Amino acid sequence: MSFADETSMAKMGAKKQKQKTTKNGGMFDPMSVTWLEKHDEFVSGIWRKIPYNVGQVIATVATFLVGISINGDWVNLFVHIRKQFGYNSPALSNRTSYLSGYTLEDLKLQNFLTFWIPSCIISYSIYFGVGGFLHWYYYVRQRDKPEEWKCQPKKWLSPELERHEIILGSITLLFNFTVTAILACYLSNGGWSMVYYKLDEYGWLWLILQFPVVYVILDYEIYWIHRIFHFPFLYKHFHKLHHKYKQPTAFSVTAIHPVESVTIQVLVVLILFVIPLHWFPFYAVAIYNYYHGIIDHSGINFKAYWWQPWQPDAIFHDNHHQYFHVNFGFNLSIWDKIYGTHRVKDRVYRENTFYGRGKLISELNEAELQEEIELRDHENPLAYRSNTNENELSAVELKKLKLKK
Ligand SMILES: [Zn+2]
Ligand SMILES: [Zn+2]
């Protein structure tokens, strides 16, 4: 990995970049990421021959693929699609006695390895293969002009942290797809859940309503899980790991402490055991969320499309990484607005200002104010919907603040 935490890196040419990459020799380097960096010119040559629109589609599909692999959920999709078309697993057990101790059959987990092994192979292949492509697509190909696309153009994740997030991300991935394989195996073997397959079983209205209902419930749940992981004890022991990346990249999505990641995963699928849901709306929303998880961590100034007025722009979560205890939501910003944890211009947020309320800017001393001005200056105005940095302090505001002292 080859990004330094300094402005001049942005101007660094491909040659220098390569030298830097080889300097990492001896340390673990993620395969495809390094490969694509080293062969940037070759890959760029091929890429330029692809029409622009086709290139966009490839990048979007790649983002979706990595998204599904965050939890290995394509294995669940496979199970549900099979069931939808009537291929129920023959391994359905008729045993009713649970007195003789639990066997894998009792737990509906027979043939677990037939789920786990492919899940493992596909998840890692996509994570490194397609994830490497995304890294190249965003960070290598466009590294010379970060002010055009990067949320924090003056700041780059250090090579050490890039390596850290990929190592941590791949460890957590192992836990994630193991949990997913357990669920997929259990459901495939006829394990009980509230998931149904006959489209009109609970009426067409409920089928359609499930999309917004699942969306809102999951987002509310994830807001609270995230916010609770920001409480001092849980933050210091678990969530802090994810906040090592002040300039997140697509690889930061899975770079979470396994304990936190598995907690989120288990709590999210709980809904499948509580209300009757058709598998399709649930996984459609889940995949949408994974996709945006990558977009939100990409560090790129992605903005929501006109057809998703509820969706915060990428800068919303980028702000969360830059300023820590603020903007806890993901796919709706309304929870932060309701609970007062939404970023406000006259407040400052740091790793030691817990609970999402920050500190009043007027309470800062001269040095702290200077630091805050610099931090805000690192935000790209183009990442905001108005194309102006909505948090930049105007000359008048600064004068007022300084007069107060
Ligand atoms: Zn956080
Ligand atoms: Zn994050």
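Quick caveat, the model's predicted, so the values are computed rather than measured. Side chains included, hydrogens not; waters and symmetry mates left out as well; all remaining heavy atoms used. Ligands are counted one by one from 1 in listed order, and the atoms in each one are counted from 1 as well.
- The Zn ion (ligand 2) has H242 NE2, H297 NE2, H317 NE2, H321 NE2 as its protein N, O or S neighbours under 2.8 Å.
- Scanning for side chain to side chain donor-acceptor pair (under 3.5 Å) contacts around N389 gives an empty result, with sequence neighbours left out.
- Among E390, E379, K303, the single residue meeting the side-chain hydrogen bond (donor to acceptor under 3.5 Å, both in side chains) criterion with Y384 is E379.
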Please set out all donor-acceptor pairs under 3.5 angstrom arising from side-chain atoms of residues 196-206, sequence neighbours excluded.
| unit_1 | atom_1 | unit_2 | atom_2 | d |
| --- | --- | --- | --- | --- |
| Y196 | OH | Q210 | NE2 | 2.8 |
| Y197 | OH | H80 | ND1 | 2.8 |
| W206 | NE1 | P276 | O | 2.8 |

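- Counting only residues at least two apart or on different chains, the side chain to side chain donor-acceptor pair (under 3.5 Å) pairs with a member in residues 252-267 are E165-S252, N176-S261, T180-Q265, H239-E260.
- Using a cut-off of 4.0 Å between Lys/Arg side-chain N and Asp/Glu carboxylate O, K244 and E160 are scored as not salt-bridged.
- Taking the Zn ion (ligand 1) as reference, the nearest N/O/S atom within H226 carries the name NE2.
- Rounded to the nearest 10 degrees, the angle NE2 (H230) to the Zn ion (ligand 1) to NE2 (H239) equals 90°.
- Ring geometry for F316 against H342 counts as tilted: the plane angle lies between 30° and 60°, on a 0 to 90° scale.
- Using a cut-off of 4.0 Å between Lys/Arg side-chain N and Asp/Glu carboxylate O, E368 and K359 are scored as salt-bridged.
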